[in-house]
A.B. asks: 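Shown below is the structure under consideration.
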2 protein chains.
Amino acid sequence: MRTLRVGLAQINTTVGDLEGNVAKALQYVERARDLGVDIVSFPELTVTGYPPEDLLLRPSFVRDNLEALEAVVKGCGGITAVVGFVDLPGGRQGGDGDIYNSAAVIHDGRLADVYHKQRLPNYGVFDEMRYFRPGEGYPVYTVAGVGVGVNVCEDIWRPGDPTRSQALARAQVIVNISGSPYHAGKRGVRQQMLATRAGDYGVFVCYTNQVGGQDELVFDGGSMVLGPAGQLVAQAAMFEEELLVCDLNLEEASKTRLHGPRRRRERSAHAAEVRQVALSDGPFVAAKPPLERRVAPPLEAEAEVYAALVTGTRDYVGKTGFEKVVIALSGGIDSSLVAAIAVDAIGREGVVGVSMPSRYSSEGSIKDARELAERLGIELTIIPIEPTHAAYLEVLDRAFAGTEPGTAEENIQSRIRGNIIMALSNKFGWLVLTTGNKSEFATGYATLYGDMAGGYAVIKDVPKTLVYRLARYRNSRQDGPVIPEGVISKPPSAELKPGQLDQDTLPPYEELDSVLEAYVEDDRSVDEIVAMGHDRDLVVRVIQMVNRNEYKRRQAPPGVKITPRAFGRDRRVPIANRYKGF
Amino acid sequence: MRTLRVGLAQINTTVGDLEGNVAKALQYVERARDLGVDIVSFPELTVTGYPPEDLLLRPSFVRDNLEALEAVVKGCGGITAVVGFVDLPGGRQGGDGDIYNSAAVIHDGRLADVYHKQRLPNYGVFDEMRYFRPGEGYPVYTVAGVGVGVNVCEDIWRPGDPTRSQALARAQVIVNISGSPYHAGKRGVRQQMLATRAGDYGVFVCYTNQVGGQDELVFDGGSMVLGPAGQLVAQAAMFEEELLVCDLNLEEASKTRLHGPRRRRERSAHAAEVRQVALSDGPFVAAKPPLERRVAPPLEAEAEVYAALVTGTRDYVGKTGFEKVVIALSGGIDSSLVAAIAVDAIGREGVVGVSMPSRYSSEGSIKDARELAERLGIELTIIPIEPTHAAYLEVLDRAFAGTEPGTAEENIQSRIRGNIIMALSNKFGWLVLTTGNKSEFATGYATLYGDMAGGYAVIKDVPKTLVYRLARYRNSRQDGPVIPEGVISKPPSAELKPGQLDQDTLPPYEELDSVLEAYVEDDRSVDEIVAMGHDRDLVVRVIQMVNRNEYKRRQAPPGVKITPRAFGRDRRVPIANRYKGF
């Protein structure tokens with residue numbers, strides 16, 4: 001049986017860490033070689049990490065990346081490797097300033113060819129047209145006697161070229177290297193799309209995705225191999241580094257083509273732009289160690305989101321160089337969930353809880369925070385805010401004379417907590433994790449410089465209803481219920497005045513989250529949202545809250561994107577904005 | 001003499017205020033008609049305001065903009081008008097989802113044609129490839145017997161099409177409608193570029209620019225008409241709304257062409273894509289009121305930047321619906337300059353000063369703040385922070401036991417001030433203007449949630465050395481020296497510990513600002529900056545400060561962009577970033 005052994009090196013790179021990324025790639029090259037892999041592929045922009053953003057506008061960065069690539073090339077003896085980097089043709093001698101998002105095709109220790117990404121995404125969180133020139137041409141490499149087309153991420157997300165021309169030019173395998181950010185359920189979308197490409201063009205698709213967190217993005221891995229009938233041949237885990245190795249049965253690909261008359265009638269309009277590049281007729285290693293078929297099982301919906309949050313938090317903490325985080329524990333469900341995520345991400349030794357009770361904090365809340373800390377096994381410091389609170393009210397007494405207590409007084413308490421937790425952060429070098437959820441960020445039901453103050457907003461893209469589901473999921477796991485049941489069952493409250501409940505100000509969360517998703521993620525109009533069955537006044541009120549609070553979100557810390565449309569680079573709206581038509 | 005009377009309506013639109021923008025445009029149409037204008041032009045995206053950002057992804061917004069355009073069309077009887085809007089062909093019946101950044105060519109109350117912008121900027125602050133499809137084809141309109149080519153902003157910033165094909169297809173006048181954001185000195189760059197286009201193609205260029213502030217951007221107006229020899233024929237004021245009217249001497253354009261043999265040999269490769277659209281052979285009005293030649297004088301360098309800051313502040317306050325602002329007056333030069341700008345922007349009745357002295361505030365600082373407030377004629381409230389400061393130190397006493405006082409303690413003071421000023425903001429509905437400059441933002445020499453807390457950071461893009469020049473400029477004006485001389489001459493200090501000076505932590509500002517400009521605005525490497533004559537250790541230290549403090553800038557309020565590269569959407573760098581090669 002004619003086979004090609006492919007290795008998909010799903011690694012966690014760090015933006016800007018050229019040396020570290022090269023060292024990691026070379027470790028995986030060595031492992032792949034030991035397993036008799038013919039061709040090993042890495043994620044998009046392996047060398048620089050993805051996305052490097054405006055570092056790409058720095059000539060020294062681009063040159064250093066070319067130098068780093070040379071180190072990878074030297075380490076790739078006895079194997080073929082596909083490695084992402086930024087190409088600047090003629091770059092070591094200066095270059096002409098046109099850079100490309102590229103795949104280096106390395107064969108036996110030499111840079112055999114370079115492929116330039118052709119489709120540059122410029123939507124959602126992507127800005128690739130800001131940096132790159134699109135590539136041209138359709139190279140097909142003969143690796144161990146097999147035709148292989150290489151392309152990069154977005155290239156394969158639409159039907160047609162380059163994949164089509166490569167397949168028609170006798171590529172039987174398409175190696176796509178990707179940096180595809182996570183949102184809930186995206187793995188399935190990807191698999192369906194890749195299965196369609198594999199089936200339509202009668203090829204194996206080897207899709208290598210990045211894994212790990214980078215600022216607001218999490219890359220979920222889940223690299224996969226699809227067969228020429230669209231079937232899933234192999235799949236790596238989500239959210240973990242892995243070298244996925246599998247043998248492609250090329251007779252199967254040939255047979256599919258033999259039986260596929262529709263394909264035979266097709267001609268590429270771009271046949272002239274195909275380049276055939278011969279690398280090797282046979283494998284480096286004839287006798288290969290046996291393999292087991294690997295198809296990592298998919299995760300359940302809540303487990304998947306939870307793992308994304310853990311990954312994003314772990315990598316933000318690690319990649320920015322922190323060792324400890326501090327979290328304000330109110331006894332509420334948001335901070336309890338964040339604490340659980342933090343412990344799962346960096347271990348309980350790295351997590352400090354602070355309880356900052358005020359005159360309005362209930363006994364239950366303080367007890368709940370304490371119980372949570374005990375169950376998680378984390379340190380809990382208690383710093384009451386009452387003396388400071390009283391001092392503020394006194395110095396503001398004259399300025400506030402004759403006014404009724406309101407939001408201003410409530411926010412003072414929240415900002416005292418912000419100041420205290422930042423003081424701990426500054427003093428001990430701890431990263432502050434904030435605990436606001438997406439429903440709060442959307443409606444502005446949060447205090448700027450108060451509970452919004454901190455370095456990373458773990459659940460800022462998690463709607464409140466999903467916060468509950470995630471808490472229940474975490475409690476259902478074999479490693480035990482960590483969030484006290486009382487925290488989940490009591491009605492949510494900011495506890496900034498006596499008897500306050502979220503639902504005094506906000507609609508019930510089930511309804512609120514439905515309206516928010518329609519408006520924020522789906523760009524629906526008032527009429528459309530009303531047609532979904534919501535009350536018009538309520539819809540208008542929610543939308544006004546969203547629009548009015550853009551200024552707060554603009555000053556929010558970064559946090560993990562888990563929905564198709566997060567606040568931040570994903571949703572760029574003006575602050576000064578008089579659009580009222582919704 | 002054969003002439004065309006053109007009107008350039010340099011108006012201040014507001015993003016999303018479709019009704020308001022339409023009403024304003026129609027006022028200018030009426031004024032233009034009264035002056036016998038043949039063709040009046042408006043800024044880019046007149047109807048929606050510019051830049052509308054992700055509002056463009058909202059179908060209802062695009063549809064409402066089409067409806068708003070209809071109102072403009074109806075109001076344009078007896079004149080030709082070029083009005084910016086978002087085209088969605090077939091949009092009133094749904095459209096196919098491809099939108100264009102467009103110019104409506106309206107003739108005598110009917111929509112005669114639509115031009116689609118062809119070059120979409122996607123660099124710096126621009127993201128137009130995120131939204132728009134590029135247009136095709138080269139329409140030339142006959143207006144009052146004269147060939148007129150219409151194009152949009154970026155279309156004219158590069159040589160070649162569409163301007164070239166339009167000129168070769170007998171356009172004698174190019175009407176370009178623009179939304180070109182300000183940075184210091186850009187007016188001259190624009191004039192030189194437009195003069196080159198006019199001269200190269202032997203045409204009049206009528207360049208209508210937007211005026212006014214929108215979030216971080218200021219549009220400086222300065223609309224202009226260039227003649228076919230590249231000469232400046234007319235120019236509107238900077239930073240003010242204006243209807244610039246002038247008569248184009250078309251015989252002059254003909255004569256230039258008659259004498260220009262090089263031009264005759266040229267052929268457009270796109271002649272087939274030219275469309276000739278006849279609108280009218282003669283003017284609506286034969287007898288026109290006489291005009292004076294209008295060429296607004298350029299502003300001096302400091303006056304120009306100062307006016308940009310005033311404009312940005314005035315429009316942010318106004319367009320977000322505030323009536324009053326509050327500023328923490330430390331007695332230092334930054335807050336003094338911001339207070340002067342605020343008073344010039346919205347009047348002294350709209351500005352409140354707060355002095356929040358601590359145990360470390362010098363007598364001189366309190367006196368200086370008081371004197372500044374007197375000179376500006378603004379209210380000054382004094383709220384000492386000492387009692388609150390003491391309360392914090394007490395509640396943190398146990399947590400901080402055994403540590404030396406340092407940044408944590410200093411930041412507490414700054415954050416108390418942040419909390420107090422935000423309490424005033426929340427209580428009375430005042431917008432907080434923050435006072436940090438670009439040198440501070442760059443190096444992180446500012447306290448997050450402390451002095452960085454507020455709604456608009458007026459001078460965040462002004463380097464400290466320019467802060468001094470602007471203060472001197474403001475004091476030199478005829479309306480009197482408003483900033484006490486002592487504020488300008490004393491060494492800068494944050495006054496967060498005894499005897500503290502900025503220069504204990506930072507290099508001298510002259511040197512710091514030179515390194516910062518090279519690194520932040522020009523993307524120079526360490527070696528290049530050292531070659532400029534700076535000490536290597538100092539350069540490395542400054543660059544590390546810049547890189548380490550990206551997380552603070554990400555949470556900063558918006559503020560006026562006045563340099564070619566501001567922090568914010570102009571400079572998108574990762575927070576988690578291990579690039580050390582500089």
Side-chain angles (χ1 to χ4, degrees), chain A residues 14-17 20 53-55 57-61 64 122-123 129-130 214-215 316 319-320 381 383-384 387-388 391-392 394-396 399-400 403 407-408 411-412 415 418-420 422-424 426-427 449 453 455 523 525 551 554-555 557-558 571-579 581-582, chain B residues 14-17 20 53-55 57-61 64 122-123 129-130 214-215 316 319-320 381 383-384 387-388 391-392 394-396 399-400 403 407-408 411-412 415 418-420 422-424 426-427 449 453 455 523 525 551 554-555 557-558 571-579 581-582:
Chain A
T14 298
V15 165
D17 188 9
E53 303 185 75
D54 279 10
L55 290 174
L57 301 180
R58 205 164 268 291
S60 56
F61 181 75
D64 288 350
N122 206 71
Y123 53 81
M129 289 183 182
R130 183 176 171 87
Q214 170 62 34
D215 286 0
Y316 190 84
K319 292 180 181 182
T320 53
T381 303
I383 303 181
T388 331
Y392 274 106
E394 204 180 304
V395 295
L396 285 166
F400 282 10
T403 69
T407 315
N411 284 341
I412 287 171
R415 292 192 180 113
N419 198 344
I420 289 174
M422 286 304 298
L424 295 171
N426 291 159
K427 179 61 83 176
Y449 323 128
D523 276 325
S525 66
Y551 77 100
R554 205 64 78 85
Q555 296 190 39
R571 183 176 185 271
R572 306 175 187 177
V573 296
I575 299 177
N577 166 18
R578 296 232 175 130
Y579 183 55
F582 310 123
Chain B
T14 297
V15 166
D17 188 9
E53 304 186 75
D54 279 10
L55 289 174
L57 301 180
R58 204 165 271 291
S60 56
F61 181 74
D64 289 349
N122 205 71
Y123 53 81
M129 290 181 181
R130 183 176 172 89
Q214 170 60 35
D215 287 359
Y316 190 83
K319 292 180 181 181
T320 54
T381 303
I383 303 180
T388 331
Y392 273 107
E394 206 180 302
V395 295
L396 285 165
F400 281 11
T403 68
T407 315
N411 285 341
I412 287 171
R415 291 192 180 113
N419 198 344
I420 289 174
M422 287 304 298
L424 295 171
N426 291 159
K427 178 61 80 176
Y449 323 128
D523 276 326
S525 67
Y551 77 100
R554 206 64 79 83
Q555 297 189 39
R571 183 177 186 269
R572 306 175 187 179
V573 296
I575 300 178
N577 165 19
R578 296 233 175 130
Y579 182 54
F582 309 125

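Proteins come first, then strands; the chains are lettered A, B, ... in the order of their sequence lines, and each starts at number 1.
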A.B. asks: A:Y316: which residues meet the ring-ring contact (aromatic ring centres under 6.0 Å, His included) condition with it, sequence neighbours left out?
C.D. replies: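 Expected list: A:Y456.
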A.B. asks: Rounded to the nearest 0.5 Å, what separates atom CZ in B:R130 from atom CG in A:N122?
C.D. replies: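 Here the rounded value is 8.0 Å.
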A.B. asks: What distance separates B:T407 OG1 from A:K427 NZ, expressed to the nearest 0.5 Å?
C.D. replies: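 The distance works out to 8.5 Å.
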A.B. asks: Identify which part of B:P384 has an atom lying under 4.5 Å from any heavy atom of chain A, answering side chain, backbone, both or neither.
C.D. replies: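 Answer is backbone: N, CA, C or O of B:P384 sit under 4.5 Å from chain A.
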A.B. asks: What's the separation between atom CG in A:L55 and atom CZ in B:R572, rounded to the nearest 0.5 Å?
C.D. replies: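 It comes to 14.0 Å.
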A.B. asks: If you look at every heavy atom in A:A576 and B:V15, which pair is closest and at what distance?
C.D. replies: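 Looks like O-CB, 3.9 Å.
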A.B. asks: Go through A:A408, A:G455, A:P387 and name the one with the most non-hydrogen pairs under 4.5 angstrom from chain B.
C.D. replies: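 Going by pairs under 4.5 Å, I would pick A:A408.
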A.B. asks: How long is the span from the CG atom in A:N577 to the OG1 atom in B:T14, to the nearest 0.5 Å?
C.D. replies: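 Result: 10.0 Å between the selected atoms.
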A.B. asks: Output the option from A:I420, A:T388, A:L57 having the highest count of non-hydrogen pairs under 4.5 Å with chain B.
C.D. replies: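 Highest number of pairs under 4.5 Å: A:T388.
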A.B. asks: With rounding to the nearest 0.5 Å, note down the distance linking CG in A:D215 to CZ in B:R554.
C.D. replies: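 The CG atom of A:D215 sits 5.5 Å away from the CZ atom of B:R554.
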A.B. asks: With a 3.5 Å cut-off and no angle check, do the side chains of A:N419 and B:N419 form a donor-acceptor pair?
C.D. replies: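 Not at all, the side chains of A:N419 and B:N419 share no donor-acceptor pair under 3.5 Å.
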A.B. asks: Does the plane of the ring in A:Y392 sit parallel, tilted or perpendicular to the ring in B:Y392? Use 30° and 60° as the thresholds.
C.D. replies: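 Plane angle over 60°, so perpendicular.
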A.B. asks: Which atoms of A:I412 come close to chain B, meaning under 4.5 Å heavy atom to heavy atom: side chain ones, backbone ones, both, or neither?
C.D. replies: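 For A:I412, heavy atoms of backbone and side chain both lie under 4.5 Å from chain B.
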A.B. asks: Under a 4.5 Å cutoff for heavy-atom pairs, which residue among A:I383, A:T381, A:V395, A:T320 has the most contacts with chain B?
C.D. replies: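 The candidate making the most pairs under 4.5 Å is A:V395.
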A.B. asks: Under the side chain to side chain donor-acceptor pair (under 3.5 Å) rule, collect the residues that match up with A:D17, sequence neighbours excluded.
C.D. replies: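 For A:D17, no residue satisfies side chain to side chain donor-acceptor pair (under 3.5 Å) once neighbours in sequence are set aside.
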A.B. asks: Test your reading of the model: is there a side-chain donor-acceptor pair from A:Y579 to the backbone of B:F61, 3.5 Å cut-off?
C.D. replies: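 Answer holds: yes.
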A.B. asks: Please check: side-chain N/O of A:D54 versus main-chain N/O of B:V573, any donor-acceptor pairing under 3.5 Å?
C.D. replies: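 Answer holds: no.
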A.B. asks: Provide the closest heavy-atom pair for B:F400 versus A:A423 in the form atom of the first, atom of the second, distance.
C.D. replies: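 So the two residues come closest at CZ-O, 3.6 Å.
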